[in-house]
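Counting starts at 1 for both ligands and their atoms, following the listed order.
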Amino acid sequence: MTSQVTSQVTREETNQEETNQEETNQEKGSSDVSDLVRSERRGATLLLTLNRPKALNALDRATLLALRSAVDAVADDDAVLALVLTGEGRAFAAGADIAEMRKLSPLEAKAFSRLGHETFSALEGLRIPTIAAVNGFALGGGCELALACDWIYASEKARFGQPEVALGLIPGFGGTSRLLRRVGIAWAKEMVLGGENIDAETAQRIALVNRVFEPDALLDAALAAAERLAAKGPVAVALAKKVLHEGQDTDVRAAHALEQNAFGLVFASEDRGEGMDAFLTKRDPKFSGR
Ligand code: HXC
């Protein structure tokens with residue numbers, strides 16, 4: 001039922017968005033809606049690139065829908081074992097598209113927030129590990145998008161922030177919940193109530209960011225890390241990710257029980273035999289993902 005409703009809403013939004021996007025593309029000198037999120041295979045990793053650089057990759061509905069469809073395609077592709085998400089140009093994403101949001105009624109604003117939530121939750125819920133390679137501004141919805149990835153790698157030039165209060169708004173794509181879980185209440189309040197941007201070094205100090213790189217080294221570092229992740233046992237990585245997520249939102253005893261059950265379940269995979277045999281016979285494992 002839920003997925004039927006979702007796809008219906010998505011179809012309606014797609015139709016409406018195709019019209020809106022034609023105008024936006026003309027303004028921004030682009031011609032193809034599917035160009036809004038570029039999708040490229042690099043080994044076992046899928047590289048997704050937000051591609052609206054003239055608007056600093058601001059997330060309008062068309063871009064969110066393009067991202068949603070790219071994420072859904074990854075979920076269905078067993079050959080993809082890791083994902084890297086980055087932005088074209090000098091931004092990762094400078095937030096939700098303010099020009100588009102300015103026209104929204106309260107109900108349309110809620111639907112826009114829901115579209116972002118559904119898209120980011122689909123990304124967060126992927127079985128494969130995901131890395132945000134934050135090359136520049138990650139503000140508002142852009143910061144929230146990075147937060148939906150498992151790891152955040154950042155360029156020294158990256159800037160993070162939840163500046164919504166400066167616009168008279170609040171975060172609407174998970175900033176109050178995912179940011180809080182990642183950095184704790186003190187820094188979540190600093191960023192969400194204060195609305196000031198922080199640099200990459202500060203973001204790393206508060207554990208919003210995992211690692212910081214020179215700008216030219218960022219993407220290669222993220223892709224190399226993704227390939228290393230892709231070489232691990234896919235069933236184990238997926239289960240570990242699931243237990244971390246579900247365990248975070250429950251009490252510690254239930255989290256311990258989740259872990260025990262998942263530990264038992266991973267023994268149903270072929271990969272666990274391969275991984276341990278490889279160790280015991282001093283060779284590299286060849287995981288099948290089964
Ligand atoms: C629409 C945007 C945009 C945005 C930048 N642009 N951010 N358009 N929505 N969020 C556009 C600018 O209008 C401009 O277009 C072009 O990108 C380049 O931006 P400049 O401002 O000229 O660049 P610069 O001076 O370098 O400043 C960069 C910046 C600034 C600091 C990132 O653009 C900025 O503050 N952007 C807004 C950041 C923000 O408030 N994000 C949160 C949005 S609310 P033109 O056509 O003039 O060249 C949000 C809510 C999420 O994310 C939840 C929703 C439910």
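Per-residue contacts place E164 under 4.0 angstrom from the following atoms of ligand 1 (heavy atoms of the residue considered): 44 (S), 49 (C), 50 (C), 51 (C), 52 (O). Proximity to K54 (heavy-atom distance under 4.0 Å) selects the following atoms of ligand 1: 16 (C), 17 (O). Within ligand 1, the atoms closer than 4.0 Å to a non-hydrogen atom of P163 are 39 (C), 40 (O), 41 (N), 42 (C), numbered from 1 in the order shown. Below 4.0 Å from some heavy atom of L167 lie the following atoms of ligand 1, by number and element: 40 (O), 43 (C), 44 (S). Per-residue contacts place L139 under 4.0 angstrom from the following atoms of ligand 1 (heavy atoms of the residue considered): 32 (C), 38 (C). Ligand-side atoms of ligand 1 in range of G172: 53 (C), 55 (C), range being under 4.0 angstrom from any heavy atom. Residue G140 has at least one heavy-atom neighbour below 4.0 Å for each of these atoms of ligand 1: 42 (C), 52 (O).
Using a 4.0 Å cut-off between heavy atoms, A58 contacts ligand 1 through its side chain alone, with no backbone atom that close.
Taking a 4.0 Å cut-off on heavy atoms, G116 fails to register as neighbouring ligand 1. Contact analysis leaves Q162 out of contact with ligand 1, as no non-hydrogen atom separation drops below 4.0 angstrom. The closest approach between a heavy atom of M101 and any atom of ligand 1 is below 4.0 Å.
The aromatic rings of F263 and F267 sit tilted relative to each other, their planes meeting at an angle between 30° and 60°. Between F173 and H117, the ring planes are perpendicular. Angles over 60° get that label, and only those under 30° would be called parallel.
Partner of E88 under the side chain to side chain donor-acceptor pair (under 3.5 Å) criterion, chosen from K54, R52, R38: R38.
Note: an N/O pair closer than 3.5 Å links R90 and ligand 1 by distance alone. For a threshold of 3.5 Å applied to N or O pairs, the pair formed by F137 and ligand 1 contains no separation below that value. Annotation: G141 places an N or O atom under 3.5 Å from an N or O atom of ligand 1; distance criterion only.
To the nearest 0.5 angstrom, T119 atom OG1 is 9.5 Å from L145 atom CG. L50 contributes atom CG, which lies 9.5 Å from atom CG of L36 (distance to the nearest 0.5 angstrom).
Checking T63 against N57 by side-chain atom types alone, no donor-acceptor pair falls below 3.5 Å.
Separation of the F137 and F92 ring centroids does not fall under the 6.0 Å cut-off.
Without hydrogens or angle criteria, Q162 side chain to M191 main chain gives no donor-acceptor distance under 3.5 Å. Listed for the T202 side chain is no donor-acceptor partner under 3.5 Å among the backbone atoms of I198.
With respect to the salt-bridge test (charged N to carboxylate O, under 4.0 angstrom), the residues R181 and D249 qualify.
Between I98, L64, L59, it is I98 that holds the heavy atom closest to atom 37 (C) of ligand 1. For atom 38 (C) of ligand 1, the choice among A94, P53, A91, P171 with the nearest heavy atom turns out to be A94.
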